[in-house]
Amino acid sequence: MQLALQAKKILVTGGTRGIGRGIVLAAARAGADVLTCYRHEGEAVDSLVRELKETGGAHHVVRADVGEIAEVDRLIGIARERFGRLDAVVNNAGVISHISFGELAADEWSKVLDTNLTAAYRVIQQTLPLLATGASVVNIGSRGAAAGIPLRAHYTAAKAGMIGLTRSLAKELGPKGIRVNVVAPGVIETEAFDAMPRDRAEGLRATYAQKTALARLGTVTELAGPVLFLLSDLSSYVTGETFNVDGGI
């Protein structure tokens, strides 16, 4: 049995940085054609475009803020125009902030819920006509959804809602042959660590080394692997599940 993604058409939201970028590149290198989106122009976008060109395949990197319903609909229109169908969707786009609950403003609550949860609802709903039997939807959650995280009530609520959405859709879309699962990362070391002061980054590494069974942070590649498994036919009898990729935190 092989992880075969050749010629699969995959949509990954929020794919120019961090976990999303790792998933986009891993899927492209596995033979898939990938469409991804971003909110802001910058070197991360430009460098991803360059890497995808070097990888080969029909890849597209477009600007779309999935926190806005109209932007989601435009993005799905691009997927329909460029690919005609989708074999898989990865809902990865997200935002996070750290605010005490007593000071959590309604607009901040809405922004985080809209980007982390409502966007997934809209993306999945609007891609249904493009998803054929055997299609896979992977929602990127968070290990924190089960644990709870102080100062992140809005983010934690959105990620917990993602699990409920996934469980319901697995049952509703299963008869159509569409699988829906969650991958819930623990603490993954992305390029954001490079932007931190060195002592803070080292402090975080040391803290989570003590909290995880594997005594270290995860890598983007280690997170992308389980996602590709769920996108592939190797997981054709897996749906409604939450895969914790957290090093045994």
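We use all heavy atoms of the structure for the numbers below, so side chains are in, but hydrogens, waters and symmetry mates are not.
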- Query: Checking side chain to side chain contact (heavy atoms under 4.5 Å, CB included) for the pair Ile178/Leu128: CA distance, chi angles, key distance, verdict?
  - Reply: CA-CA 9 Å; Ile178 299 172; Leu128 282 179; 4.2 Å; yes
- How about Thr36 and Leu48: do any of their side-chain heavy atoms sit closer than 4.5 Å? yes
- Query: Taking 4.0 angstrom as the limit, do Lys111 and Glu68 come out as a salt bridge?
  - Reply: no
- Message: Between Glu51 and Leu25 (side chain of the first, backbone of the second, donor and acceptor by atom type, cut-off under 3.5 Å), is there such a pair?
- Response: no
- Query: Quick one: does Thr239's side chain have a donor or acceptor within less than 3.5 Å of a partner on Arg179's backbone?
  - Reply: no
- Taking all atoms of both residues into account, what is the closest heavy-atom pair of Leu231 and Ala88, and its distance? CD2-CB, 3.6 Å
- Are Met162 and Leu11 linked, directly or through other ILVMFWY residues, by side chains that come within less than 4.5 angstrom of each other? yes
- Message: Main chain of Leu230, side chain of Ser136: is a donor-acceptor contact present, judged purely on distance under 3.5 Å?
- Response: yes
- One should read off an interatomic distance between Asp87 CG and Leu5 CG, to the nearest 0.5 angstrom, of 9.5 Å
What donor-acceptor contacts under 3.5 angstrom involve side-chain atoms of residues 142-152, with partners at least two apart or in another chain?
from: Ser142; atom 1: OG; to: Gly144; atom 2: N; distance (Å): 3.0
from: Arg143; atom 1: NE; to: Asp246; atom 2: OD2; distance (Å): 2.6
from: Arg152; atom 1: NE; to: His98; atom 2: NE2; distance (Å): 3.1
from: Arg152; atom 1: NH2; to: His98; atom 2: NE2; distance (Å): 3.1

- Query: Charged N to carboxylate O below 4.0 Å: is that the case for Arg63 and Glu71?
  - Reply: no
- Message: Testing the basics here: between Val220 and Gly22, what is the closest heavy-atom pair and its distance to 0.1 Å?
- Response: CG1-CA, 3.3 Å
- Partner of Ile140 under side-chain contact (heavy atoms from CB on, under 4.5 Å), chosen from Val227, Val245, Val182: Val227
- Apply side-chain hydrogen bond (donor to acceptor under 3.5 Å, both in side chains) to Gln210 and list each qualifying residue two or more places apart in sequence or on a separate chain. none
- Query: With a 4.0 Å cut-off, would you call Lys8 and Asp33 a salt bridge?
  - Reply: no
- Query: Can you check whether Ile69 reaches Thr118 side chain to side chain, under 4.5 Å on heavy atoms?
  - Reply: yes
- Item | Within one Ile-Leu-Val-Met-Phe-Trp-Tyr cluster: Leu214 and Val183, side-chain cutoff 4.5 Å | no
- Message: Under 3.5 Å, is there a donor on one side chain and an acceptor on the other for Ser97 and His154?
- Response: yes
- Task: Test Thr55 against Arg50 for side chain to side chain donor-acceptor pair (under 3.5 Å), laying out the working first.
- Result: CA-CA 9 Å; Thr55 302; Arg50 290 194 298 269; over 6 Å; no
- Do you see a donor-acceptor pair shorter than 3.5 Å between the side chains of Arg122 and Thr127? no
- Heavy-atom check, side chain of Leu52 versus side chain of Val24, under 4.5 Å: yes
- Message: Quick check against the 3.5 Å criterion: does Ser235 have a side-chain atom that pairs as donor or acceptor with the backbone of Ser232?
- Response: yes
- Query: More than 12 heavy atoms of other residues, nucleotides or ligands under 6.0 Å from CZ of Arg167: is that the case?
  - Reply: no
- Closest contact, heavy atoms only, Val66 versus Cys37: CG1-SG, 4.1 Å
- Can you name the nearest heavy-atom pair linking Leu217 to Tyr208, along with the distance? CD2-CB, 3.4 Å
- Quick one: do Phe229 and Val180 end up in the same hydrophobic cluster if we chain Ile, Leu, Val, Met, Phe, Trp and Tyr together by side-chain heavy atoms under 4.5 Å apart? no
- Query: What do you reckon, is CD of Glu108 surrounded by more than 12 foreign heavy atoms closer than 6.0 Å?
  - Reply: yes
- Between Thr13 and Ala93, which heavy-atom pair has the shortest distance, and what is it? OG1-N, 3.0 Å
- Taking every non-hydrogen atom, the tightest pair across Phe243 and Glu241: CE1-CB, 3.8 Å
- Considering only NZ, NE, NH1 and NH2 on the basic side and carboxylate oxygens on the acidic side, decide whether Arg29 and Glu54 come within less than 4.0 Å. no
- List the steps, then state whether side chain to side chain contact (heavy atoms under 4.5 Å, CB included) holds for Thr190 with Arg17. CA-CA 8 Å; Thr190 68; Arg17 296 176 181 273; over 6 Å; no
- Side-chain contact, heavy-atom cut-off 4.5 Å: Thr133 with Lys176? no
- Is there a path of hydrophobic side-chain contacts, each under 4.5 Å between heavy atoms of I, L, V, M, F, W or Y residues, that connects Trp109 with Tyr121? no
- Message: Salt bridge check, Arg216 against Glu189: does any charged N sit closer than 4.0 Å to a carboxylate O?
- Response: no
- Side chains of His59 and Val61: closer than 4.5 Å at any heavy-atom pair? no
- Message: Return the CG to CG distance between Leu131 and Leu86, rounded to the nearest 0.5 Å.
- Response: 6.0 Å
- Could you walk me through whether Ile188 and Ile19 pass side chain to side chain contact (heavy atoms under 4.5 Å, CB included), step by step? CA-CA 8 Å; Ile188 305 298; Ile19 288 171; 4.2 Å; yes
- Message: Do Phe193 and Arg205 have side chains that approach each other closer than 4.5 Å (heavy atoms only, starting at C-beta)?
- Response: yes
- Task: Ignoring hydrogens and angles, tell me if any N or O in the side chain of Asn116 forms a donor-acceptor pair with the backbone of Ala158 under 3.5 Å.
- Result: no
- Task: Could you walk me through whether Leu169 and Val137 pass side chain to side chain contact (heavy atoms under 4.5 Å, CB included), step by step?
- Result: CA-CA 10 Å; Leu169 291 182; Val137 176; over 6 Å; no
- Query: Under 4.5 Å between any side-chain heavy atoms of Val12 and Leu35, yes or no?
  - Reply: no
- Query: With a 4.5 Å heavy-atom cut-off, do Val62 and Leu75 have their side chains touching?
  - Reply: yes
- Main-chain N/O of Asp233 paired to Ser236 side chain as donor or acceptor, under 3.5 Å: yes
- With a 3.5 Å cut-off and no angle check, do the side chains of Thr166 and Asn139 form a donor-acceptor pair? yes
